[in-house]
Amino acid sequence: MADHNFLSGRLVLLGTIGLILFLLPHSIALKEGDCEVCVKTVDTFVSSLSEEVKKDTKRIEDEFRTFCKKAKNKEQRFCYYLGGMEDSATGILGELSKPISWSMPAEKVCEKLKKKDAQICDLRYDKQIDVNAVDLKKLKVRDLKKILSDWDEECDGCLEKTDFIKRIEELKHKYVKTEL
């Protein structure tokens, strides 16, 4: 009887370990919408490379540093995490350059990067504000500043919320398409 209990306990343990090992790869794989900043940034970066550069990890890393100098917002934060910025605290560019040199798809590159630094996949794009559909007076100043930032515009001398709204209204015709 003791042998039976011991054996059934081992079978349960082995079954549990087997289940964990079976599910582990599925938990690492990206789900729809995961790592959106990583995937988009890697795709954009790779498409900017010549076929010659794509084969050389050192040149890929140099090009990534150059790419990062022009990066803004979430892409800039992504560059910082990988070590593409001068002020980056860490550097895992090899984890980016090697898979790219092997022609690995962006989703798989991001899966590998996620294993090294999970916060890479925590980056998400902010929801876009539809300037035509929203009442600007109901937005927070932070959102009004974001609209101007998305347009690469400034609001010199803006102190009050109404100043930001006025500036957006002045520039709206330049950036927002109106339906006829």
Side-chain angles (χ1 to χ4, degrees), residues 25-49 53-54 60-100 103-156 158 161 163-165 167-179:
H26 300 288
S27 66
I28 295 170
L30 297 181
K31 295 168 189 68
E32 185 69 33
D34 277 358
C35 272
E36 64 181 340
V37 173
C38 177
V39 172
K40 183 175 184 279
T41 305
V42 170
D43 270 339
T44 303
F45 170 65
V46 169
S47 68
S48 74
L49 299 175
V53 172
K54 287 180 185 177
I60 290 170
E61 291 173 18
D62 291 341
E63 289 292 325
F64 188 71
R65 286 187 193 94
T66 303
F67 174 84
C68 288
K69 288 179 183 174
K70 295 178 246 157
K72 290 185 174 187
N73 303 323
K74 303 295 182 177
E75 291 84 2
Q76 186 177 40
R77 177 56 61 198
F78 174 75
C79 287
Y80 176 80
Y81 289 158
L82 262 63
M85 305 293 290
E86 289 182 19
D87 62 342
S88 293
T90 61
I92 55 171
L93 286 180
E95 300 298 324
L96 173 75
S97 63
K98 287 177 190 165
I100 288 174
S103 301
M104 189 177 282
E107 291 81 6
K108 294 294 181 187
V109 173
C110 292
E111 281 179 22
K112 290 177 75 62
L113 291 171
K114 182 180 180 181
K115 290 178 195 174
K116 293 290 181 188
D117 188 353
Q119 67 183 346
I120 287 169
C121 284
D122 291 341
L123 290 171
R124 302 251 185 272
Y125 287 111
D126 298 327
K127 299 234 185 306
Q128 293 299 313
I129 300 169
D130 183 0
V131 179
N132 281 334
V134 71
D135 182 359
L136 295 174
K137 294 175 191 150
K138 292 183 179 180
L139 293 178
K140 295 182 179 192
V141 172
R142 175 185 67 222
D143 296 326
L144 298 171
K145 286 181 179 179
K146 184 187 176 320
I147 291 169
L148 291 170
S149 172
D150 289 348
W151 292 346
D152 286 328
E153 293 286 351
E154 308 246 336
C155 192
D156 297 328
C158 291
K161 184 176 181 176
D163 298 332
F164 288 100
I165 293 171
R167 181 71 176 146
I168 290 169
E169 291 294 345
E170 288 171 1
L171 296 168
K172 195 175 184 179
H173 73 284
K174 189 173 168 184
Y175 296 100
V176 180
K177 305 282 187 267
T178 52
E179 305 263 339

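One is the number of the first residue; the rest follow in order along the sequence. What you see is a predicted model; the values in this text were computed from it and never measured.
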Salt bridge K146-D150, side-chain N to carboxylate O under 4.0 Å: yes
Side-chain polar contacts of residues 76-88 - donor-acceptor pairs under 3.5 angstrom, sequence neighbours left out - could you list them?
residue: S88; atom: OG; partner: Y80; partner atom: O; Å: 3.0
residue: S88; atom: OG; partner: M85; partner atom: N; Å: 3.2
residue: S88; atom: OG; partner: M85; partner atom: O; Å: 3.1

Note, Y125 side chain near N73 side chain (heavy atom, < 4.5 Å): no
E36 side, atom CD; T41 side, atom OG1 - distance, nearest 0.5 Å: 10.0 Å
Considering all heavy atoms, the nearest V42-A106 contact: CG1-CB, 3.8 Å
Distance, nearest 0.5 Å, that separates CG of L49 from NZ of K54: 6.5 Å
Geometric class of the W151/Y175 ring pair [parallel <30°, tilted 30-60°, perpendicular >60°]: parallel
K74 versus R124, closest heavy-atom pair with distance: CE-O, 3.0 Å
I165 versus K137, closest heavy-atom pair with distance: CD1-CA, 3.8 Å
Ion pair check, R65 and D62, cut-off under 4.0 Å: yes
Non-hydrogen side-chain atoms of E95 and D117 separated by less than 4.5 Å: no
Distance (rounded to the nearest 0.5 Å) between I168 CD1 and I147 CD1: 4.0 Å
Approximate separation, where rounding is to 0.5 Å, of E153 CD and L171 CG: 4.5 Å
Heavy-atom pair with the smallest gap, counting every atom of L136 and E169: CD1-OE2, 3.2 Å
Side-chain heavy-atom pair F164, L139 within 4.5 angstrom cut-off: no
Flag if over 12 foreign heavy atoms under 6.0 Å of NZ, K116: no
Pairwise distance CD1(I92) to OG(S97) - rounded to 0.5 angstrom: 11.0 Å
Passing option when C38 is tested against V109, L113, L123 for side-chain contact (heavy atoms from CB on, under 4.5 Å): L113
Electrostatic pair E111-K114, nearest N-O below 4.0 angstrom: no
Contact check, side chains of R167 and E154, non-hydrogen atoms, under 4.5 Å: no
I120 side, atom CD1; K112 side, atom NZ - distance, nearest 0.5 Å: 12.5 Å
Nearest non-hydrogen partners of I129 and V134, listed with the distance: CG2-CG1, 3.8 Å
V39 side chain reached by C110 side chain, heavy atoms, under 4.5 Å: yes
Shortest non-hydrogen separation from C155 to L148 and the atoms involved: CB-CD1, 3.7 Å
side-chain contact (heavy atoms from CB on, under 4.5 Å) between F45 and I100, intermediate numbers included: CA-CA 10 Å; F45 170 65; I100 288 174; 3.9 Å; yes
